[in-house]
Colleague: 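My questions all concern the structure below.
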Amino acid sequence: MFWLTGLFAIVALIYASVGFGGGSTYTALLGLWGVDYALIPIISLLCNIIVVTGGSVRFVRAGLVKWPQIMPLLLVSAPLAFVGGLVPLKQWLFLMILGSALLLSAVALIVQPERMAPQRIPKRVLLLLSGSVGLLAGLSGIGGGIFMAPVLHLIRWSNARRIAAFASIYILINSVTGLAGQLIKAGPHSLAEPAGQYWPLLIAVFVGGQIGSMLGMKIMTPRLLKTLTALLVGYAALRLLWQGWGLM
């Protein structure tokens, strides 16, 4: 638990500095540590909420959030995140979904859309993508900002700071609604084990997230750190996919 707690604090600091919650890496680490698969999305969503709340407040106070611009994306993702949390999954299916989501997360970390030629995406396609990511957030415990941000950079939706602000709000809303669905599905007692056994992780991400969100108003994460994180997430993804395949 000592090493896992330290890793969670570092991950929270890194992700919060660019407006993300870190759900992809939390789920990867929890999967590698052999945590009960039913607890993984609950712990990850709790950590997401803790990390991005402070950053979201700072982004709003800094005037970086344009509500009319982001509301359509939130209105399609949040209900589907709730539905995703409600869906009962067998262990093998959850592992396959989570492994696939982590593999996509690793790719999203490596891709540099800001260096690519701008692309045009119809608004309905963007809304469909937002809804799909919301559903995935509720199912797996990944907030979804890591998927939406590269797309928004690719279409030059706004500047980097506003996209980071959107990602923070997006993760927060999806995590809250996804967690609500998870708790309705498993019952309120499902919070007892994360609170009782894994509380150091929650404290670690709070501290790391607060530091990261303050630094994020001034600096960005070095490219090397994103690459190393992608390697970790990719490795965990392959491990989870292999485990899920073995349970089929």
Colleague: Residues sharing Ile184's hydrophobic cluster, by side-chain heavy-atom contacts under 4.5 Å among ILVMFWY, directly or via others?
Modeller: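 Via sub-4.5 Å side-chain contacts, Ile184 links to Phe82, Leu86.
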Colleague: Same cluster for Leu74 and Val125 if Ile/Leu/Val/Met/Phe/Trp/Tyr side chains link at under 4.5 Å?
Modeller: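 Hydrophobic grouping puts Leu74 with Val125.
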Colleague: Which atom pair, heavy atoms only, marks the closest approach of Ala38 to Pro41?
Modeller: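 Heavy-atom minimum between the residues: O-CD, 3.8 Å.
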Colleague: Locate the shortest heavy-atom distance separating Leu73 from Ser130; write the atom from each residue and the value.
Modeller: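 So the minimum-distance heavy-atom pair works out to O-OG, 2.8 Å.
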Colleague: Suppose we screen for side chain to side chain contact (heavy atoms under 4.5 Å, CB included). Which residues come up paired with Val35, at least two apart in sequence or across chains?
Modeller: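 Side chain to side chain contact (heavy atoms under 4.5 Å, CB included) list for Val35, sorted by chain: Leu30, Trp33, Leu39, Ile40, Ile43, Tyr198.
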Colleague: Distance-only check: which donor-acceptor pairs under 3.5 Å involve side-chain atoms of residues 138-147, not counting sequence neighbours?
Modeller:
{"residue": "Ser140", "atom": "OG", "partner": "Leu136", "partner atom": "O", "Å": "2.7"}
{"residue": "Ser140", "atom": "OG", "partner": "Ile142", "partner atom": "N", "Å": "3.4"}

Colleague: Can you tell which of Leu172, Asn48, Ile171 makes a side-chain contact (heavy atoms from CB on, under 4.5 Å) with Thr53?
Modeller: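 By the side-chain contact (heavy atoms from CB on, under 4.5 Å) criterion, Thr53 pairs with just one of Leu172, Asn48, Ile171: Leu172.
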Colleague: Under 3.5 Å, is there a donor-acceptor pair between the side chain of Lys185 and the main chain of Val87?
Modeller: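 Looks like yes, one N/O pair under 3.5 Å.
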Colleague: Identify whether Val52 and Val57 are in the same connected component of the hydrophobic contact network (ILVMFWY, side-chain heavy atoms under 4.5 Å).
Modeller: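 As far as the 4.5 Å side-chain criterion goes, Val57 and Val52 are not connected within one cluster.
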Colleague: What pair of heavy atoms forms the shortest contact from Met148 to Leu126, and how long is it?
Modeller: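 Heavy atoms of Met148 and Leu126 come nearest at CE-CD1, 4.2 Å.
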Colleague: For the atom pair OG (Ser175) and CG (Leu46), what is the distance rounded to the nearest 0.5 Å?
Modeller: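 Ser175 OG to Leu46 CG: 9.0 Å, rounded to 0.5 Å.
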Colleague: I need the full list of side-chain hydrogen bond (donor to acceptor under 3.5 Å, both in side chains) pairs touching residues 66-90, with sequence neighbours left out, sorted by first then second residue.
Modeller: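 Listed once each, the pairs are Ser77-Asn174.
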Colleague: Between atom CD of Gln182 and atom CG of Leu45, what is the distance when rounded to the nearest 0.5 Å?
Modeller: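 Answer for the CD-CG pair, Gln182 versus Leu45, is 6.5 Å.
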Colleague: Measuring from Asp36:CG to Ile42:CD1, what's the distance to the nearest 0.5 Å?
Modeller: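 It is 9.0 Å, given to the nearest 0.5 Å.
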Colleague: Excluding sequence neighbours, so at least two apart, what forms side chain to side chain contact (heavy atoms under 4.5 Å, CB included) with Ile163?
Modeller: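 Partners of Ile163 by the side chain to side chain contact (heavy atoms under 4.5 Å, CB included) criterion, ordered by chain and then number, come out as Ala149, Leu152, His153, Trp157, Ser158.
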Colleague: Between Val133 and Tyr170, is any pair of side-chain heavy atoms under 4.5 Å apart?
Modeller: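 Yes, side chains in contact.
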Colleague: Quick check for you: to the nearest 0.5 Å, what is the distance between Leu75 atom CG and Ile70 atom CD1?
Modeller: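 Atom-to-atom, Leu75:CG and Ile70:CD1 are 9.5 Å apart.
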Colleague: Rounded to the nearest 0.5 Å, how far does CZ of Phe59 lie from CG of Leu64?
Modeller: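 Those atoms lie 6.5 Å apart.
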Colleague: Output a table of donor-acceptor pairs, distance under 3.5 Å, between side-chain atoms of residues 92-111 and any protein atom two or more places apart or on a different chain; print 'none' if there are none.
Modeller:
{"residue": "Ser100", "atom": "OG", "partner": "Met96", "partner atom": "O", "Å": "2.8"}
{"residue": "Ser105", "atom": "OG", "partner": "Ala101", "partner atom": "O", "Å": "2.8"}

Colleague: Using side-chain heavy atoms (C-beta onward) and a distance below 4.5 Å, is Leu201 in contact with Tyr26?
Modeller: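 Of all side-chain heavy-atom pairs linking Tyr26 with Leu201, none is under 4.5 Å.
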Colleague: Using 0.5 Å steps for rounding, measure from the OH atom of Tyr235 to the CG atom of Leu240.
Modeller: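 Result: 10.0 Å between the selected atoms.
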